[in-house]
Amino acid sequence: DKGEFRHYMLKEIYEQPKVIAACLEGRISETKVLTSCFGADSAFLKDIDNIHIVACGTSYHAGMVAKYWIEELANIPCTVEVASEYRYRKVAVPKNTLFLTLSQSGETADTLAALRMAKELNYLTTLAICNVPSSTLVRESDLTLLTNAGAEIGVASTKAFTTQLTALLITSIAIASEKGELNEKKQAGLVTALRSLPAYVDAAIKQDEAIKLVSEQFANKHNALFLGRGPMFPIALEGALKLKEISYIHAEAYPAGELKHGPLALVDETMPIITVAPNNQMLDKLKSNLQEVRARGGELYVFGAKETGFEEAEGIYYNEVPWVEEVLEPIVHTIPLQLLSYHVAVVKGTDVDQPRNLAKSVTVE
Ligand code: F6R
C-alpha cells in the first residue's frame, strides 16, 4: 500500500529514518556496537585479517563505501568486486579473509553463485548483509546481519541501500573494536553519531520541496555527470545509477580527481554536473575540480552542508544538506540524490516504480 505517496519509491525514501532505526535496534548500546548481533559466537571478528566484499548494482556501491570505513577504522585490507566478475575468475584468498556479500533480495543469481564458489575456497567465514530473512543467501551463508528495511517494492533500491550502509558501519566498528584498532572513547563517539542517524536522515528528507524545484532543470537533459571524492565517490556512482535507471538520462560518475584525465572533454553548457560536497580536508580539492567544470560552462548542482561555504551563483544551484559527522556523510548525503532522481523521473513521466527492462530481483545470469 502506497498510502499518501504517489509511488512506492517515494514512500520508501520517506521510510528511511524509521528503517535505519530498526537496523540499529538491539545492535548498539550507549557506547558500543553489540557483537552479539553477529550471532552467539562472534569470536571470528578478531580473527579477520582481510575482507572480500561481493555484490551487484546498488549493493555493490554500498560495499564500495564500506571499504573506506573498514580500512580507515579497522586498518584491514578490503576489496570490493561485482559478483558477475568475481564468480568467473580465479580468486586468491589470503589467510583469515572474511567473505561478505550484500544483497537486498538475497536471491541475486550472481551473488549466490559467488557465495557458493567462496564456500569452496579457504575463507574464514561467510557473512551476508541482507534484507530478506527467508532468502537463499541468508540460508546458505554462515552468518547473517539483517538490514531490517522491510519489503522494498520500488525497483530502484533506496531504503535497502541506506540500511545496508548502516549495517556495514556497525560491522566496521565491531571489527575495528575487536581488532583493538578502536579505543572506547572513539567507539562511543561513533555510536553516538549512529544514534543521531535517523534524525539526520529525516532532516535531509525535509529538503524534498527544494530538490523538486531543481529537478525541473533536468527535464530536457540527455546526460549528467556525478562527481565525488573519497567515500562520496561511490555515492556519486549510486546517484548516477538511480538517475539512469528511473529517468533514462545517461549518467556517469567519476572520482572528481579523474575529471581532467578524460571526462572534462564532455563538459559544455548542456552538461549538468552533480556533486555532494564532503565537509573535510578534500573540500578544497573538490572546489577546484568544480571550478574547472564551471570554466567550461558546465552547470553545477551542489549538495552540501552550510559549512562547506557553497552559495547559489551564476550556473551554480546549491542545495543544503544537514551537517553530520564525517563518517555518516555517505548515508545522509544519499538522500538528496534519491530525491533528485525521483523528481526528475516524475517530471519526465517515466514509470518510477517499474522502470523499463528491469526486474526487482535478478535471479537470472
Ligand atoms: C538498483 C538496484 C539493483 C540491485 C541489484 C542487486 O536500484 O536495485 O542494482 O541493487 O540488482 O540486487 P540485490 O541487492 O537484491 O542483490
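In this text the structure is predicted, and so the values were computed from the model without any measurement. Counting starts at 1 for both ligands and their atoms, in listed order.
Annotation: cation-pi geometry not satisfied between K119 and F99 (NZ/CZ under 6.0 angstrom from ring centroid, within 45° of ring axis).
In this view, Y254 satisfies the ring pair (Phe, Tyr, Trp, His ring centres under 6.0 Å) rule with no residue, not counting sequence neighbours.
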| task | Given side chain to side chain donor-acceptor pair (under 3.5 Å), test N280 with E326 step by step and report yes or no. | result | CA-CA 7 Å; N280 62 20; E326 194 180 330; 3.1 Å; yes
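Using a 4.0 Å cut-off between charged side-chain N and carboxylate O, E15 and K11 make a salt bridge.
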Report every pair formed by an N or O atom of ligand 1 and a protein N or O atom separated by less than 3.5 Å, giving atom names and the distance to 0.1 Å.
from, atom 1, to, atom 2, distance (Å)
ligand 1, 7 (O), T58, OG1, 3.3
ligand 1, 7 (O), S157, N, 2.9
ligand 1, 7 (O), K242, NZ, 3.0
ligand 1, 7 (O), E245, OE1, 3.3
ligand 1, 7 (O), E245, OE2, 2.5
ligand 1, 8 (O), V155, O, 3.3
ligand 1, 9 (O), T58, N, 3.2
ligand 1, 10 (O), T58, N, 3.1
ligand 1, 12 (O), T108, OG1, 3.4
ligand 1, 14 (O), S59, OG, 2.6
ligand 1, 14 (O), Q104, N, 2.6
ligand 1, 15 (O), S103, OG, 3.4
ligand 1, 15 (O), Q104, N, 3.4
ligand 1, 15 (O), S105, N, 2.8
ligand 1, 15 (O), S105, OG, 2.7
ligand 1, 15 (O), T108, OG1, 3.4
ligand 1, 16 (O), S103, OG, 2.6
ligand 1, 16 (O), T108, OG1, 2.5

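Looking only at side-chain heavy atoms (C-beta outward), E12 and Q338 stay at 4.5 Å or farther from each other. By the 4.5 Å heavy-atom criterion applied to side chains, T275 and L300 are not counted as neighbours.
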